[in-house]
Every structure is written in C-alpha cells, then in structure tokens.
Protein chains: 4
Amino acid sequence: MIKVGIVGDGYTSEELNRLLAVHPQARVVGITSIENVGRRFAEVFPNLEGYTDVSGEKIEIPGFFKRCDALFIALPHGLAAPLAKEALAAGIKVIDLGADFRFRSRETYEHWYHTTHPAPELLERAVYGLPELYREEVRRTDLTANPGCYPTGAILGLTPALASGLLDPDTLIVDSKSGVSGAGRTPVQTNIFCEVNENVRAYNVGVHRHGPEIEQILSRVAGREVLISFTPHLIPMTRGILSTIYGRLARPVAESEVREIYREFYRESPFVKVLPEGQLPMTKAVYSSNHCHIGMVPDERTGRLVIVTAIDNLVKGASGQAVQNLNLMFGLPETDGLNFPGVLP
Amino acid sequence: MIKVGIVGDGYTSEELNRLLAVHPQARVVGITSIENVGRRFAEVFPNLEGYTDVSGEKIEIPGFFKRCDALFIALPHGLAAPLAKEALAAGIKVIDLGADFRFRSRETYEHWYHTTHPAPELLERAVYGLPELYREEVRRTDLTANPGCYPTGAILGLTPALASGLLDPDTLIVDSKSGVSGAGRTPVQTNIFCEVNENVRAYNVGVHRHGPEIEQILSRVAGREVLISFTPHLIPMTRGILSTIYGRLARPVAESEVREIYREFYRESPFVKVLPEGQLPMTKAVYSSNHCHIGMVPDERTGRLVIVTAIDNLVKGASGQAVQNLNLMFGLPETDGLNFPGVLP
Amino acid sequence: MIKVGIVGDGYTSEELNRLLAVHPQARVVGITSIENVGRRFAEVFPNLEGYTDVSGEKIEIPGFFKRCDALFIALPHGLAAPLAKEALAAGIKVIDLGADFRFRSRETYEHWYHTTHPAPELLERAVYGLPELYREEVRRTDLTANPGCYPTGAILGLTPALASGLLDPDTLIVDSKSGVSGAGRTPVQTNIFCEVNENVRAYNVGVHRHGPEIEQILSRVAGREVLISFTPHLIPMTRGILSTIYGRLARPVAESEVREIYREFYRESPFVKVLPEGQLPMTKAVYSSNHCHIGMVPDERTGRLVIVTAIDNLVKGASGQAVQNLNLMFGLPETDGLNFPGVLP
Amino acid sequence: MIKVGIVGDGYTSEELNRLLAVHPQARVVGITSIENVGRRFAEVFPNLEGYTDVSGEKIEIPGFFKRCDALFIALPHGLAAPLAKEALAAGIKVIDLGADFRFRSRETYEHWYHTTHPAPELLERAVYGLPELYREEVRRTDLTANPGCYPTGAILGLTPALASGLLDPDTLIVDSKSGVSGAGRTPVQTNIFCEVNENVRAYNVGVHRHGPEIEQILSRVAGREVLISFTPHLIPMTRGILSTIYGRLARPVAESEVREIYREFYRESPFVKVLPEGQLPMTKAVYSSNHCHIGMVPDERTGRLVIVTAIDNLVKGASGQAVQNLNLMFGLPETDGLNFPGVLP
C-alpha cells in the first residue's frame, strides 16, 4: 500500500479521501489542518463516516513526512513550494494541486501571481501533470504540478485540433462555465448560496491566472506563441466545468474528420471520451467522475469550429487527476481507484 | 384603461398578468387557453391569487377581439400570423411575442423555421419591437414583433460598439447562458428538474433560430452583412440570460471610451444600465425586472473587446418588453408598470 | 413623504430599499453601515442601480436621527435596543427587525438570548408587529417589534385553529423548511453554496430561538401556556419558508369548516390568502411578495389537522412586514408599496 | 458472474447500471425499453459512456429470461407482478422495485392502489427487502419487494425506538423532504425545473401510498396497529430524502441512551450510520451512496423524541438497496459493489 499524506483540509482534500477510500493500492495516513486539528475528518466531511479514522493534525516536519510515500499538497500558491522541497529531499513523491509548479517560466509565474517564487530551481524538475499530453514524463517524475481545473478542460479540448493544424492559433476563445466548488470551502461573500443561486456572472475577464497556464501548454502544442481570450463564469451548481471553445478553421472539415482526429489523439487515454456525432457534452454526465467528455461542431457558415468539453472540476480538474498522476508515478494502472461512471441524474 | 387580451397561457402569459396587475393604464380582460379552459388563472398560477378574476377561455373570433384594445399573442410560430391578421382587421393593436413577424425577409423566416409564412404581406408593416433601437417606429405601428430573448441581450450588447465602428463585424461571437424558463412550461425531457439541475450544456450550436434574428438586426446596424457564431447554453436557473460577447477591436480603446459610447447611445433608454467601471453584470440583479445591465472589458493583450449583458428572459426578453412596446404604441410613458428594481437576493 | 432611515446593510436592508423604491409615501434618506461606508448602495446591491443615490454612512447620533421620521433597525439582537431608545427619545418611530422587543418577558428573552436586556423598560411599550393579530396596537405605537420569519408563518397558520378551539394545544408540531437568505449575508461555512446545494438538514432542533417566540404568541391566543415542537430546516433555495403544522383535532371537522374559520379570521387581512379546496401553498407563489398562503387538510384516519403556510422570509417574514407596520404606524393604507403579486416562475 | 436483466429504462434503471458497472460479481446483460429500443443505453445516460454496450430492447419472453440469473423490475405498479410470476417460473430470482409485492395484505394494496392485484398468490412468498430488518428472509427468498424510498428512511428511523418501547405508537409523525428524482424521468408539469426550483411544497398530505407501507412494517415492529401522519414534500434538489420524525417519549431518556439503542440495533448493518452526539444527518453526506445516516434529539421540554434520517432516494431508497438485496439473495457479501462514500460537496 502506498502511504499518502495530504496537506490541507478543503474540498480537494475531501475528494482525495473519497477517491482513495476505494483505491486498491493507496491509503491516506495523515491530513494536516489548521482549523480542524484533532477533529475527526469524518466529522468535517460526514460522507466519509465509516471510511476514515484520520483526524486533522498540525503539520510536523519531518515527522509527518516519515509516515508517507507520497504527498498531496492542497494549499494556496506560494505555500506549497517550500514544503515540496523538503518532501522531495526526504524522498517523497510530491503532487502539488496548486499553481507553484505549473509554469516553466519563473517570470510568468511571478507576473501573474504577484509574488516571488519560493523554489524556482524546482521548476525544471516539475512535470505538468496532464497525463493525456505528458503521460511518460509523469511516470518518470517525483514532482507533478497538477493542472488547474479550467486548463484541464480547455487544453484537452484544443490540443488535437491545434496539433493537427485545424485551427488558426490567433483566433482562440475559451468561454468556461464553472460550478462554485472551484472557489473552495472558505466562506466569502461571492460564494454564499444567496449570491450564487439563480445567478450567473463572468469574473476576472481577460485576467484570470488560468489564462496564461492554458497559453503555456497550447504554445508548446502549436510550436509558437498562442494568446487566447479566456472568460470564466460562475453558474449555480456545485461541480462541473463546461468549456465552449471557438477558433477559426484553417480549412473546411467535416465533423467526422474532426472526430476521427480527436479519437486518434486520445486512443490511449481511458478517461477522455469523444462523444458520437450529434451528442454534445454536459457536466452532469461526468459528475463525481474522472472523465472528460468532448464534442465538436464545425460551422461552415462562419468558418469556425466550436468544441465543447465537460469535466468535474474537483475530480478530473483536481483530485481525480492527482490520483491519476499518483498511479502513473508509482507504476500502477492509470485507472486504479478511478474507474467508475459519473453520477446521473 | 387599455383592455388587453392575451392568447396563450404559458409563462409569458403569466408574466404579462403579473406585470399588468400593477399597470396604471391597462388591464387584462381575457386569456385564451387550450388546456385551462374554465379554470381560474389564479389557480393555474397561484402567485396571481387576489390579482385576477380571469379564467381561461376558448378563443372565439370575433367575440374575443371585441373586448380588446390590444392583443398579446404568445403562441408557437406559424399560429400567430393568421390571428394577428384578423385582429388588425378588427382595429386591434397587436404585439406578437413569437417569431412570425421578426424577419423582414420571408425567405429567411421560411429557411430557418421550415414552414411557409402564413401572412407575408404583413412583414413590411411589422416593427421589430426593440425600443432602444426602434422606439419611434414602435410608437407609430399597430403590429409589433417582440424580439427573441437571446437577441434582446445580444443586440443591446453589440449595437453601440458596432454602430461606432469599434468592432470588426467578421469576428463576432455570442456565447449565451440562459435559465430554463425560456423553454416554456410544456414538460419535455430536457427541461425536467433532474436533467437541468447541477448541469450545463450547449444546444443548437450554430443552428439556433435566434442566430439569424441577431444577424438581421446587426446587419442593419453595421450597414453590411454580419454573420456571428451564436451558442446558447442551458444552465440550472429559472430566469436570466447572460451573454458574453467577443469581437476584435478595430483600434485600441480605453474602457472609459467604450463606456462613454454606450452611455451616450442609451441616454434616452430608461431600462438599459451601463454599469460603472469595475462592475460586470449578473443576472440576479435584473431578476423579474425589465432592465438590461451592460459591462465591457477591452483586452489589450488579445486586441478583443468582451461585452457582457444581463436580462431577465421572461421580462426584458419577453413580457416586460412587450408591455414596454404596449406603452409606446398607446402613447403612454415607456416605463408605466415596469419601473421597479430586480429581486435580489 | 416619510423620511426613512435604515440601520444595517444586509439582505433585509436591501429588501427595504427594493420595496420603498416603489412606495408612494416613503423614501430612504440614509443607510448606516460598517463595511460599506462611502460605497454606493446601488453598487452593493446592483438591482438598485437607478433606484437609489444613497451611500453607506457611519451612524452619527443625533445627526442621523434628525433626517428621519422613521427608523428601521436591522442589527443583531442586543444592539438594537439602545439605538431604539435614543431614536424614540428623538421623536422617531422605530421598527426593529431583530429580537430585542419581541418578548414581553425580560426573563424569556434573557434565557434564550443569553444576554442582559439593554432596555427592559421598553418591553411594555413595544407592540408585536404581526398586523393580522395586532393591527390596532401597531397603529397606535411608536415602537414595533417586527416578528421573526418562522414565527410569522407558524402563528398565522395556527391562530385561527387555536383561537376557535379546533386543536389540542398540547400536540402542536411545527416543521419548517426555509431558504437560506434568513441566515443573512455574512459568509459562514454553513451558508456557502456548496454546503447548501443538493442538501437539506435540520438545525437547532428543539432549541431555536423562534420556538419561544411562537409559544409566547400562541399562549396569548390560547389563553394558556402552549409548548410546541419546532424544527427548522435549511433547504437549497434563497427565499421562502414553508411551515407544515400538525395538531390533534379536538373534534372531527370537515375541510370546508376549517377553511371557513380561517377565511373569517383573515377577512380584513389583505395579505393572507386562504387557498381554495384542493390547493396547498408553495413558496414560489409568494416569492418576493408580502403574501402568506394557507392551506389545510384534516385527516380523519389519524384525527389530526395538517396546516401548511408559505411566506417569503425576506418580505412577509421581515422587510415587507416592516413596511406594512410602517404603513399602519403612519396612518397609511396597509398595502401601500406592497400590493403586487409574487414572481412565478 | 451473475447475469442481470433489467426491465425499464428510467432513473432507477440507470442507477442499477451505474452500480453494477463496478460490481465484482454481477453484470447487466439486457435492458428492456419501450421508448429506447435499439438505442445505446450509454447515449440515453451518457455517464455510462464506456461502461456499457447494452442497448434498449423490446422485452421478449421467454428469450429475455433465458439470458438472466436475476431480474430487476422497475415498472409502474400492476405491471410487475405478471412478469415476476413468469420469471420465477423460469427459475429466475426477482427483485421488484415497485409496489406490487410490498404488502402482505391484498386488501391494503388494492385499497391504496385502486386496482386488482394481478398475482395475489405471490404475496406470501415475497419478502420485504429491507435487509436491516429482514436480512435472513431476504437471503432465503427468490422474490424480493424492494421498499419504497420514503418507507426506507422512515422505518430505519423509527424501528429501534419503537421496538424498544421508547415511543408512544399513537403519536408518530413523519415529515419527509425529498429530491425530485423520486418522481421519475417522465416529464410532467410538476417536475419541470421552473416549477421545482426555488420552491417547496407538500403533496398527497395524509394520502400518499407510502404511508400504509410504513404503517404495515411499524405495526409488525410494535406488535400492534400503528397509524402515522405522513407528509411528503418536494424540495429543489435531485437526490435525497430527509425524514424528520416526531413521537412522544414513553419515558424520559438521555440522548446517549437513545443512541446506544440505535447503535446496538444496527450493529450488523454496514450501511446504517448512527451519528455521534451533536451531529445531525444531511442528505448530501449520503449523496449517490447506499448509506442511511441517523441522528436523534430527545426534547425534555416537550417530552418528544425527534429522529432525523437521511438517504439517497435512488440508492438506499431504490437501486442500491436492490443491489444489496441481490447480494443477499445470491450469497454474496452484503456490501459488494456498494462500499463507497457519498459524494460531498
């Protein structure tokens, strides 16, 4: 059994516990907390009643590390890097669910996150943990930067089309609709029920930090600099991100050809489902699961391709992908603990 | 008092009753129905308990017309035109909440609605009832085509920028997020609670009938043919449409300049609120009201302008706009019966 | 015009502004705040854009009082009483939306609210502002204790049956289902969207402070001590309280007789609607309105009467009732500014 | 592998497929349908994409039976019994998710379901499939009547207290709040999104068919006739039933004693979790899982006990319990395929 430590006790931490509760090869041995020290984690998240005996604990280094083979870090940016450094030094494999290791360029990170990077020497070592693009790199690393939730859906949706030259890279627009759980569990005015329910709003238009994260990977894919317009929206639901992606077609294509390109690209990726003709993704179909559904509509009238992707932001967009990366890093089957359908209705 | 007849008994009809219940100059004298003949309308919609004595009745012509000064028609397309013709002949002013009179071009209507137009001779006579663009024409007509819900938000959002040459008309994308009430009250699989809740999906991508409606008006505004990419989405809420609109800027502009262009354009329009810098619209702020909120973000990095508009699809997107048109057609103050804030939270 | 001052800037304060924006005889001249001093209230609550020019201000006494004829106090318990005392001394009529003046017995207040009452000498002077029971007293007072949201629905539901001897007072159970807006706008863990959505839970079972408030009034009605079992629940909606009330019938009755007793009791009360046979209340029918809907089902099998009431907790359960009390205290028609239907759907 | 056939293609059928997709010992070999004949079930319910190859088929007897070891019947009452009879004759074990075999008394069934029972001779043979009460009987039967959703939560909540004499059986009130999925997938006016969202209502007060089902089992438990007041409510969520149960205590008890009685009663029942002191159930904690959470509050003031239970109506209230019964009927571990936590948030 892989002994897993988790730093942080919010929704992604709960979700790691939920997923690892049924994982055949890993189990959670400790969860660090600030607010819930000494409190049963099954009381904090009562869905776990009967599935964990762990209580929140203050992080103690190196004591905590000694009990772990792998460490998930679910902390705000800036706090993960120093911890990761120590864990790596102690021989532990690290998966960071935050932003500290997502950028290769220290400058890009520091520009968008308004802070000095605490461990820039690790940026080269870190692998961007999107297995569908970087599976082999993840297998070989001991430091994985788990992608952001919006980037996961956007990059999976754009990569096959961009890599195959279908789209003009200067015309890309990503319009994403997200459930609120991505904002975390800390109560703030904008995420209380009465402000979210029966409401939809755009936020951080053109300045959301997931924009440059998407651009970094798409630029690698396209082999040139790619700038996108990225607009996230909050809609009244808990889980799920639907990304509607627009780009100008480099040439006319049939729907069947586009679909074939996507199917081929994701042939080895068990969690990406390219939907059959006439079906478009919806978030509820991937609710609580690690799947990403993709559909596409080429529009001859306007010469554009519309791509739609759906993920659960807490699973494929966070903790499920983290477990997928854990599996790869430890040589396990990629689907261990994740091979179940979404909850519908 | 203006005596108002209403044809149809769905949500837009309920909403007309709700609004006219507090209108100083108009009252509902009859509602026609198929399923609720003889049933108190206050039982069908119990929010109206104490506010109406009307019961559903079978439409009888010309009897029904004799009791009315104005007729609202809330029927599926194809059914309104013949009725409108008879009502006009009886000297009644008509506001059609459906699509029969929205297109000047019979061919466009017949192409998108897959049917023969029942009264093409009226198309010239009809005015597209978006008062913010065609206020004077509405004042003079006796046949108003009430705009679609998506077109209302999209056209109000794009017109000032397009009219002032700020945007390249070949780059326009309208991504709309709608509550479910736009789908009406007839039960179908896709609008039952369990299929909508915790779910978001795109539908009719590139082929929604509101696309050509938007294009028709924008082409008039731009003085040339305009094609757009229009993608409607259903999100888990009852009321509201947020439209996120993208276009390439013809030249760099400051946010303040864009805002000033919009403020100037809507100076005489009491229901359009151009929000102050730093504020973006959200649908809950216009919930149940006839207002349209507009915000904008020019993005220097990508050279695009992002415009966001919010309306209540049942009010400014349907029945409220219809009452606004009624006011204009009868020489009343435009805000009669509509001058109240949205319900928040 | 009655000049109205409001102390506090949460949801009930927003709602007072929304209602008074269309009130023919009153207008808001000032809103005090702690967090939003100097901020336009229409920015804090953007539904009010175009309907108020007031900005939040620090409360300054006696300056603030000099501008007001009436004062609404929307503060946590314990803070209202000292303020009310000063306002009364300045000749201002006071409506307290909190708990400070709801109890005649200082001991009961201090027992349930765990604090010393700051102005017990005012308890005799205060009137419990449920106009349907105490209309005349409200007309004559200058200090009204606006009832709690749960008590409003429970007391309106039980009073006619209890007053007429239909029910055994020892068997009363009130099971209430409430939207979350009653918890206010301050972000706390239990009211963030992800904790409320797709969830329902009971809270404060047997110990909610609205229990003794209900008991105080029902005891007056019954002419003897009444104890009830009261269980509030949070359900995933913003507004509305449905109370399902159970009691053992003192004698067999027909539904029509019960209905007649209720109709007679509320004959002079414009906001209470006793629904026709076969119809039961639902909260959406009173959404955003000041109405209370009541239905009842006598059950011969079990010998019990089930009464169901629906209100909007922010309107009839708070700010609407406060405006209704304002109307009475200033000799205006009871329905001024409140005479509109709920928003459905 | 146990070969499973499913009759019906609504939500409970989807849920059986979702659960059996990860079951170690059973797999679905056929699904009968009326509306989806020939359609991939993974298209009907896209969460199953990649998890089933089955398409809807017309039921053909005996062909369909020959492929099955077990049959789940998810049909409206009256239709299941004839089918069950044939399946039993063919040597197949049957689990009926409807009402046809839930009553021992043919008269009670016929009285409440307004129909003649199609196979009354089977009523003696059928076992009421609530394993926590009738585990051994289920193990030995080949015909299980899967309990109704409301009865599951109500009976699990009341049985220990009633069996131990804690409660006066003449004072029982069950007030249940349910998500809408229990109403099924067929579109009807009362379950469309706009009628459910931001709304709560009671329905079938005193006359819901699950009332006598609860009474039948409680009467067995109490050893005397038990009548209850049962009020179901629809609240705006998809899954989950919270039942708040009231009864007069036969004697004063401490919370700890009540809890101990419940813990002891459910000692062998892996899916029932009696929550620790100070915690009350909420439906989201059991979302998508087969668990039932129970909490209790004795109220000294009123002499009543309040019991609260939470289940997912589609899992423990339907398909999960059906799989649990399948496990028992085939001698498998009771938790096979069901041993995972709920999805929270």
Side-chain angles (χ1 to χ4, degrees), chain A residues 9-15 18 33-36 39 43-47 149 177-203 233-241 283-284 287-288 312-315 317-319 342-345, chain C residues 9-15 18 33-36 39 43-47 149 177-203 233-241 283-284 287-288 312-315 317-319 342-345:
Chain A
D9 62 352
Y11 286 145
T12 50
S13 177
E14 178 287 322
E15 203 67 354
R18 177 175 77 85
S33 175
I34 292 173
E35 292 181 357
N36 293 305
R39 200 172 159 212
E43 187 192 330
V44 180
F45 294 108
N47 61 321
C149 52
K177 298 89 181 160
S178 178
V180 188
S181 57
R185 204 182 180 217
T186 305
V188 292
Q189 195 112 71
T190 47
N191 70 1
I192 71 172
F193 186 85
C194 297
E195 306 282 320
V196 171
N197 188 37
E198 277 290 299
N199 202 0
V200 48
R201 55 190 188 83
Y203 69 105
H233 299 76
L234 281 188
I235 65 175
M237 58 187 208
T238 298
R239 288 166 179 257
I241 293 177
T283 54
K284 198 56 165 67
Y287 193 92
S288 88
D312 183 320
N313 57 300
L314 288 181
V315 190
S319 303
V343 175
L344 181 92
Chain C
D9 62 354
Y11 286 145
T12 52
S13 177
E14 178 287 322
E15 202 67 355
R18 178 174 78 84
S33 176
I34 292 173
E35 292 181 358
N36 292 305
R39 200 169 160 214
E43 188 193 331
V44 180
F45 293 108
N47 62 322
C149 51
K177 298 88 181 162
S178 176
V180 188
S181 58
R185 203 183 180 216
T186 305
V188 292
Q189 195 112 73
T190 47
N191 70 1
I192 71 172
F193 186 84
C194 298
E195 305 282 320
V196 172
N197 189 37
E198 279 287 300
N199 202 1
V200 48
R201 57 190 186 84
Y203 69 106
H233 299 76
L234 281 188
I235 65 175
M237 59 186 208
T238 298
R239 287 166 179 258
I241 293 177
T283 54
K284 198 56 165 68
Y287 192 92
S288 88
D312 183 320
N313 57 300
L314 289 181
V315 190
S319 303
V343 176
L344 180 91

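Keep in mind that what you see is a predicted model, and the values were worked out from it rather than measured. Every chain is numbered from 1 and lettered A, B, ... according to where its sequence line falls, protein lines coming before strand lines.
Between C:R239 and C:V315, the closest side-chain pair of non-hydrogen atoms falls below 4.5 Å.
Using a 30° and 60° split on the angle between ring planes, C:F193 and A:F193 fall in the parallel class, below 30°.
A:E43 and A:N36 share no donor-acceptor pair across their side chains, judged by distance under 3.5 Å alone. Checking C:S288 against C:D312 by side-chain atom types alone, no donor-acceptor pair falls below 3.5 Å.
Counting heavy-atom pairs closer than 4.5 Å to chain A, the top residue among C:P236, C:G179, C:A183, C:P187 is C:P187.
Interface remark: A:E195 contributes backbone and side-chain atoms alike to the contact with chain C (heavy atom separation under 4.5 Å). Only the backbone of A:V188 comes within contact range of chain C, with heavy atoms under 4.5 Å apart.
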